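Data first, discussion second: the structure below is written as structure tokens.
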Protein chains: 2
Amino acid sequence: MTSPAVSSRDLPHPTREEIRLEGVLHALSDPMRLQIVRELAAVGDELSCSHFDLPVTKSTTTHHFRVLRESGVIQQVYRGTAKMNGLRKDDLDGLFPGLLDRLLDAAARQAVRLGGA
Amino acid sequence: MTSPAVSSRDLPHPTREEIRLEGVLHALSDPMRLQIVRELAAVGDELSCSHFDLPVTKSTTTHHFRVLRESGVIQQVYRGTAKMNGLRKDDLDGLFPGLLDRLLDAAARQAVRLGGA
DNA sequence: CGACTCGTACGATAGGCATCGTAGTACGGG
DNA sequence: CCCGTACTACGATGCCTATCGTACGAGTCG
């Protein structure tokens, strides 16, 4: 097959209607999670958890991805041993038009401002 | 005097450069605080703390206003016995162009969607 | 099968935070 | 000067959460 077949293990996601702005903001208020979302947005594709080199243990990484999934920011699916993560851009844009782009822009501006680069 | 004179009591505010996106998002991830900001934006002027009729005690209200001030979302100044609260729209727009408006729009859409009204 | 990789589950811990109640301070008006 | 109003300060409480370590499960490859 071209696609490695999705594992039977499935993960609970909120429906679009269940996504709450407060939850999204809370999820993004953590620097680690904001960084994850920025990388996902920059790549514009799904990324495995192990792609991210975060300064925390794997346990903590799992925790952050779960928060992002349960708040509706990302969707996750197993593909073999890898767990692929993708931004739920369509759902977020549908609920909160333009918000995601402004948030990403704001994060990028701040990174430039603080990083000095 | 035309203006009731600002009290000598002054409150610590972050400078524009000290405002952090994560802090702003965290401040707005609380329903109570998001509501306060929505009202401030709707009025477009300063409001006293006592103007807000929140379903919590005054102690808790004080706490929420402090979080909003320390994150840089609002500015506070004493005027007589009243403490006036104003959105730091210029600072936020300067740092994160368009973000505040999108957030307010997102909050309004969600209120319509959930409130049914 | 066996080993290896990826990610999870669970328990522990430490800190943060939303909330309350009570007691207290600052200011303005009678 | 005294009182009422507006807000604060402080302590307590219970919940949430970011973090870790270790042990485990699921899948792939030799």
Side-chain angles (χ1 to χ4, degrees), chain A residues 1-13 20 22-37 46-71 73-86, chain B residues 1-13 20 22-37 46-71 73-86:
Chain A
M1 296 172 248
T2 51
S3 54
V6 170
S7 158
S8 57
R9 290 183 283 175
D10 59 338
L11 299 153
H13 288 76
R20 294 289 174 273
E22 298 91 323
V24 171
L25 297 182
H26 173 247
L28 298 181
S29 70
D30 182 283
M32 209 81 72
R33 293 193 289 258
L34 184 57
Q35 183 58 34
I36 291 172
V37 169
E46 294 188 330
L47 290 175
S48 71
C49 289
S50 56
H51 170 272
F52 298 86
D53 193 25
L54 302 173
V56 292
T57 64
K58 285 195 298 178
S59 302
T60 306
T61 302
T62 296
H63 162 69
H64 285 309
F65 276 105
R66 182 172 45 215
V67 172
L68 286 171
R69 170 170 47 82
E70 292 179 346
S71 67
V73 176
I74 67 172
Q75 80 224 82
Q76 296 187 296
V77 65
Y78 283 101
R79 251 195 280 276
T81 64
K83 187 154 97 173
M84 303 306 290
N85 305 276
Chain B
M1 294 170 253
T2 51
S3 53
V6 171
S7 156
S8 56
R9 290 183 284 175
D10 59 338
L11 299 153
H13 288 76
R20 293 290 174 273
E22 298 90 323
V24 171
L25 296 183
H26 173 248
L28 298 181
S29 71
D30 183 282
M32 209 79 71
R33 294 193 288 259
L34 184 57
Q35 182 58 34
I36 290 172
V37 170
E46 293 187 331
L47 291 175
S48 70
C49 290
S50 56
H51 169 271
F52 297 87
D53 192 26
L54 302 173
V56 292
T57 64
K58 285 196 296 180
S59 301
T60 306
T61 302
T62 295
H63 163 68
H64 285 308
F65 276 105
R66 181 171 47 215
V67 171
L68 286 171
R69 169 170 48 84
E70 292 179 346
S71 68
V73 176
I74 66 171
Q75 81 225 88
Q76 298 187 294
V77 65
Y78 283 101
R79 243 186 293 271
T81 64
K83 188 153 99 174
M84 303 305 291
N85 305 277

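Worth saying up front: this structure is predicted, and the values here are computed from it rather than measured.
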Discussion item. Using side chain to side chain contact (heavy atoms under 4.5 Å, CB included), reason through B:E46 and B:V77 one step at a time and then give a plain yes or no.
Written reply: CA-CA 10 Å; B:E46 293 187 331; B:V77 65; 4.3 Å; yes
Item to complete: Take B:L47 and B:I36 through the side chain to side chain contact (heavy atoms under 4.5 Å, CB included) test and state the conclusion after the steps.
Response: CA-CA 10 Å; B:L47 291 175; B:I36 290 172; over 6 Å; no
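For the residue pair A:V24 and A:S71, the shortest heavy atom distance occurs at CG2-O, 3.8 Å.
Listed in residue order, the members of residues 24-35 of chain A having a heavy atom less than 4.0 Å from DNA chain C come to none. Scanning residues 61-68 of chain B for heavy-atom distances under 4.0 Å to DNA chain C yields B:H63, B:H64. Applying a 4.0 Å cut-off to non-hydrogen atoms, the residues of residues 50-58 of chain B that approach DNA chain D are B:S50, B:K58, listed by residue number.
Not counting sequence neighbours, B:T81 has no partner by the side chain to side chain donor-acceptor pair (under 3.5 Å) test. Remark: A:E22 pairs with A:R20, B:P31, B:L34, B:Q110 by the side-chain contact (heavy atoms from CB on, under 4.5 Å) rule, at least two apart or across chains. For A:R69, the side chain to side chain donor-acceptor pair (under 3.5 Å) partners at least two apart in sequence or on another chain are A:Q76. Partners of B:Q75 by side-chain contact (heavy atoms from CB on, under 4.5 Å), not counting sequence neighbours, listed by chain and number: B:H13, B:R88. When the side chain to side chain donor-acceptor pair (under 3.5 Å) test is applied to A:S50, the partners found at least two apart in sequence or on another chain are A:S48. Scanning for side chain to side chain donor-acceptor pair (under 3.5 Å) contacts around A:S59 gives an empty result, with sequence neighbours left out. Applying the side-chain contact (heavy atoms from CB on, under 4.5 Å) rule to B:V67 yields the partners B:A27, B:R33, B:H63; only residues at least two apart in sequence or on another chain are considered.
At whole-Å resolution of the value, CG in B:N85 and P in D:dA6 are 14 Å apart. A:M84 places its CE atom 21 Å from the P atom of D:dA26, with the value rounded to the nearest Å. Taking atom CD1 of A:I36 as the reference point, atom P of D:dA18 lies 11 Å away to the nearest angstrom. B:I74 places its CD1 atom 12 Å from the P atom of D:dC7, with the value rounded to the nearest Å. Note: OH (A:Y78) to C1' (D:dT28) measures 16 Å, nearest angstrom. In this structure, B:R79 atom CZ and D:dT5 atom C1' are separated by 18 Å, rounded to whole Å. Atom CD of A:E70 is separated from atom P of D:dA18 by 12 Å (rounded to the nearest Å).
Rounding to the nearest 0.5 Å places CG of A:N85 at 11.0 Å from NE2 of A:H51.
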Provide a list of protein-nucleic acid N or O atom pairs under 3.5 angstrom, restricted to nucleotides 10-15 of chain D.
none

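Phosphate contact (OP1/OP2 of D:dC20, side-chain N/O of A:T60, threshold under 4.0 Å): present.
Looking at B:M32 and B:T60, their side chains never come closer than 4.5 Å, going by heavy atoms from C-beta outward. Proximity of B:T61 to B:F52: side-chain heavy atoms (C-beta onward) are nowhere separated by under 4.5 Å.
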